[in-house]
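Keep in mind that what you see is a predicted model, and the values were worked out from it rather than measured. The sequence lines fix the lettering, A, B, ..., with proteins before strands; numbering per chain opens at 1.
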Amino acid sequence: MTWRYTLLLLGALFTPSCEDAPTSPDETATTPTTSNVVFEGTLEQDQSRFYAFTASQAGSVTVNLASLNLVGHREALTVPVRVGVGIPKGEGCGVTESIETLPALVSQFSATLESGIHCVNIADPGQLPGAAIFLIRFSHY
Amino acid sequence: MNWRYLACLCVLFAPGCSDDTPTSPTETTTTQTASSPTITEQFDGVVPVGGSKFYSFTTSTYGTINVTLTSVGGSFVPSTVMLAIGLGQPSGTDCVTSTSVNTAAGSTAQVTGNFDPAVYCAKVSDIGNLFAPASFSVSIAYP
């Protein structure tokens with residue numbers, strides 16, 4: 001009787017079993033990375049300047065005109081300039097959304113963008129008394 | 001004796017691994033057909049000595065972009081002077097070119113290629129030949 005049980009046990013032990021147990025799916029969801037950009041330059045009277053950037057995915061862009069002062073002067077200007085976003089077009093930025101604003105410590109403007117190439121634009125609406133040095137901080141996905 | 005048969009039957013009917021033979025990947029190569037240019041824009045300007053100018057445009061479909069430096073002129077600027085003409089994408093305050101050639105003005109596109117829909121820029125630059133600002137005309141054709 002013992003050999004019969006032994007035979008059965010051996011048969012069961014050496015029966016091939018399945019491998020490759022299912023594994024948990026890899027969690028590869030990526031957290032969107034925000035890029036912070038500083039755009040500074042000189043804005044001439046009645047002119048505009050722009051900065052092109054690539055949004056890696058749809059999301060918001062937040063723009064802060066941090067400083068604006070006349071060339072050779074340290075005090076902040078108290079005249080507004082127009083800050084906006086758009087898509088590079090021709091020799092400038094084809095602005096789609098904008099506001100007139102004074103420099104501030106907090107962001108004055110935000111907009112939702114699709115992925116792709118966009119631009120941040122600053123323009124004199126006609127009130128600058130002379131060439132001004134500006135600094136814009138903006139963040140985007 | 002019956003036990004022996006039973007043991008054999010156990011082995012025979014024991015579950016085996018399902019085979020799941022790997023299948024060949026399906027080859028679904030698709031060939032994109034490049035659309036011909038349907039829009040033409042004229043980019044006129046003045047390139048300063050040692051400087052550059054660029055012009056941005058947006059294509060709506062995969063297709064051919066042709067950039068042609070059609071004329072160069074100005075005081076002390078021979079019409080045969082060679083400039084760099086390039087095609088790329090706007091980045092920062094510049095146009096970062098992926099294709100560029102040094103060429104004199106002509107009627108045949110100096111820069112051409114097939115590109116996905118996106119924002120592009122055509123750029124004209126002095127390559128060290130200018131002694132005075134040069135006026136130029138560039139034709140940009142895209143789908």
Quick one: do [X] and [Y] end up in the same hydrophobic cluster if we chain Ile, Leu, Val, Met, Phe, Trp and Tyr together by side-chain heavy atoms under 4.5 Å apart?
X: B:Y120; Y: A:Y51; value: no
X: B:V47; Y: B:V49; value: yes
X: B:V46; Y: B:V124; value: no
X: B:F43; Y: B:V119; value: no
X: A:F53; Y: B:V96; value: no

Mind listing the side-chain donor-acceptor pairs of residues 67-79 of chain B below 3.5 Å, one per line with the distance, residues two or more places apart or on another chain?
residue : atom : partner : partner atom : Å
B:T70   : OG1  : B:S137  : O            : 3.0

Select one option (side chain, backbone, both, neither) describing which atoms of B:F54 are under 4.5 Å from chain A's heavy atoms.
both
Chain B-proximal positions within residues 91-122 of chain A [heavy-atom distance under 4.5 Å]
A:E91, A:I117
Could you tell me which residues in residues 58-89 of chain A have at least one non-hydrogen atom under 4.5 Å from a non-hydrogen atom of chain B, sorted by residue number?
A:I87, A:P88, A:K89
Can you give me every donor-acceptor pair (side chain of residues 133-141 of chain A, partner residue at least two apart or in another chain, under 3.5 Å) with its distance?
none

Closest heavy-atom contact between A:F50 and B:T93?
O-CG2, 3.7 Å
